[in-house]
Enquirer: 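To start, I am sharing the structure in question, which I have written as structure tokens.
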Protein chains: 2
Amino acid sequence: MLRLSKLTDYAVVVLIRLSHGEAVQTSPGIAAGIGLPEPTVAKVLKALAGSGLVSSQRGARGGYRLVRPLSAIPVTDVVAAIDGPIALTACVEGSGTGCEAECTCPVRGRWDLVNDAVRQALGRITLADMDRSTPRPHVRAAAQQPQNLAFTLISAE
Amino acid sequence: MLRLSKLTDYAVVVLIRLSHGEAVQTSPGIAAGIGLPEPTVAKVLKALAGSGLVSSQRGARGGYRLVRPLSAIPVTDVVAAIDGPIALTACVEGSGTGCEAECTCPVRGRWDLVNDAVRQALGRITLADMDRSTPRPHVRAAAQQPQNLAFTLISAE
DNA sequence: GTAATCAGGACTTCCCAGGTCCGATTACAG
DNA sequence: CTGTAATCGGACCTGGGAAGTCCTGATTAC
């Protein structure tokens, strides 16, 4: 269903939570703040730290800290950090069951078209756009119909 | 990994195949033509027929027929036919484990932003764009680097 | 020195995509 | 008009991967 993993959803919540309140926050603290199991949050934070989206401080009174502001973090980066690079299809299977014949797979390579379109669409949206408490500079309509908001956002450029 | 199902991949191939050759084609015939297991192709065709992308003719000498031309079928429709409506997150879980507190889920509803962005990106690409044998009107660069092609396609409008 | 925190891996559980099957329906042939 | 064959339609089963949990080790402030 073109679904992205639940961990990515959590990652967004965690990052936004991290942008509020104290500069450095511990993983149990964040977990308690957003009402998610602690091990899961820890897993997400590890992945985010591995991708450089957050920096970690070990030891007592350690924790995680946001490196960039929310407005400098496109959704693409979060997805890439958790789910790996965006690639909607795993068409490259290697042994080529039927892709060797030129007429057999008429879309060979064409999925990149879709991949990049999605990548760009997600690259335009930052976490600041997704944070309800942040005033969104690109969009200025009412907050009741997110669909129209998105439309405005995209068509504005 | 923001992956769309393999069935959707098949659906695109099937639809393009259906646009070539005979007007009505049987599911075993298509399966043989693209080198995929017949039951799988049949399943894809059923879903496509259910969504009205193809029309089915039962009985002897029956088969499937393309309703609209490829250029009138955006990728969105294929995804919606196979995977259901595009919704990257299943945030709406009903009982609200932690989404009831107002500050608990700071992105509540904001995923629609992303959903619609993806939806629009996919809505701009039609199956004709993905068919290698069809001359693509929007893109006119060389066919060696699909990534750049996609970039051209999107940024051209 | 001690306690608190992150880092990394291995493991189990669960769900759904992927694949397969059999029954219902229709058209053609005699 | 009836029989037959070819096809669609829906239900079933299975394997892979994500989601979540736990443990041990490394690092740093107090």
Side-chain angles (χ1 to χ4, degrees), chain A residues 1-11 13-14 18 22-32 34-67 79 81-84 87-91 93 97, chain B residues 1-11 13-14 18 22 24-32 34-65 79 81-84 87-91 93 97-98:
Chain A
M1 317 185 177
L2 195 76
R3 186 147 294 173
L4 53 82
S5 75
K6 211 182 289 186
L7 275 302
T8 305
D9 190 353
Y10 297 163
V13 180
V14 165
L18 207 49
E22 285 300 316
V24 327
Q25 299 179 35
T26 123
S27 88
I30 298 176
I34 59 184
L36 254 48
E38 193 273 334
T40 302
V41 172
K43 192 177 194 174
V44 168
L45 283 167
K46 287 174 201 170
L48 292 176
S51 309
L53 280 177
V54 303
S55 73
S56 62
Q57 177 77 13
R58 291 167 87 146
R61 295 195 56 88
Y64 290 96
R65 193 163 40 84
L66 209 56
V67 173
V79 174
I82 304 293
D83 288 334
L88 283 80
T89 54
C91 193
E93 290 294 357
T97 59
Chain B
M1 314 181 179
L2 195 76
R3 187 146 294 176
L4 53 81
S5 74
K6 211 182 290 186
L7 275 303
T8 305
D9 190 353
Y10 297 162
V13 180
V14 165
L18 207 50
E22 285 299 317
V24 329
Q25 299 179 35
T26 139
S27 88
I30 298 176
I34 60 184
L36 253 48
E38 192 274 332
T40 302
V41 172
K43 190 175 194 174
V44 168
L45 283 168
K46 288 172 202 169
L48 293 176
S51 310
L53 281 177
V54 302
S55 73
S56 65
Q57 178 78 11
R58 289 168 87 145
R61 296 193 56 88
Y64 290 97
R65 193 164 39 83
V79 174
I82 304 293
D83 289 333
L88 283 80
T89 54
C91 193
E93 290 295 356
T97 59

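Residue numbering restarts at 1 for every chain, and letters A, B, ... go by the order of the sequence lines.
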Enquirer: Rounded to the nearest 0.5 Å, how far does CZ of B:R65 lie from CG of B:L18?
Expert: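 CZ of B:R65 is found 9.5 Å from CG of B:L18.
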Enquirer: Measure across B:V41 and B:S27 and return the closest heavy-atom pair with its distance rounded to 0.1 Å.
Expert: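 Nearest pair, atom of B:V41 first, then B:S27: CG1-O, 3.9 Å.
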Enquirer: Rounding to a whole Å, what distance do you find between A:L18:CG and C:dC6:P?
Expert: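 Taking atom P of C:dC6 as the reference, CG of A:L18 is at 11 Å.
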Enquirer: What is the distance, rounded to the nearest whole Å, between atom CD1 of A:I82 and atom P of D:dA18?
Expert: 13 Å
Enquirer: B:R65 CZ to C:dT26 P: how many Å, rounded?
Expert: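 Interatomic distance, CZ of B:R65 to P of C:dT26: 17 Å.
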Enquirer: Which residue lies toward the 5' end of DNA chain C, A:A49 or B:L7, if each is placed at its nearest nucleotide?
Expert: A:A49
Enquirer: Looking only at non-hydrogen atoms, find the nearest pair between B:V24 and B:G62 and report the distance.
Expert: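 Heavy-atom minimum between the residues: CG2-O, 4.3 Å.
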Enquirer: What integer distance in Å separates A:K43:NZ from D:dC22:P?
Expert: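 About 13 Å, once rounded to whole Å.
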Enquirer: For D:dA19, take OP1 and OP2 only and decide whether either is under 4.0 Å from a side-chain N or O of A:S5.
Expert: yes
Enquirer: Can you check the A:K6 NZ to C:dC16 C1' distance for me, whole Å?
Expert: 12 Å
Enquirer: Would you kindly give the OH-to-C1' distance between A:Y10 and D:dA19, to the nearest whole Å?
Expert: 8 Å
Enquirer: Under 3.5 Å, sequence neighbours excluded: what are the donor-acceptor pairs made by side chains of residues 42-54 of chain B?
Expert:
residue : atom : partner : partner atom : Å
B:S51   : OG   : B:A47   : O            : 3.1

Enquirer: How about B:V13 and B:Y10: do any of their side-chain heavy atoms sit closer than 4.5 Å?
Expert: no
Enquirer: Calculate, to the nearest 0.5 Å, the distance between atoms NZ and CD1 belonging to A:K6 and A:I82 respectively.
Expert: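 Rounded to the nearest 0.5 Å, the NZ-CD1 separation comes to 14.5 Å.
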Enquirer: Encode nucleotides 1-8 of chain D as B, S and - characters from 5' to 3', where the letter depends on protein heavy atoms closer than 4.0 Å: B to the base, S only to sugar-phosphate, - to neither.
Expert: -----BSB
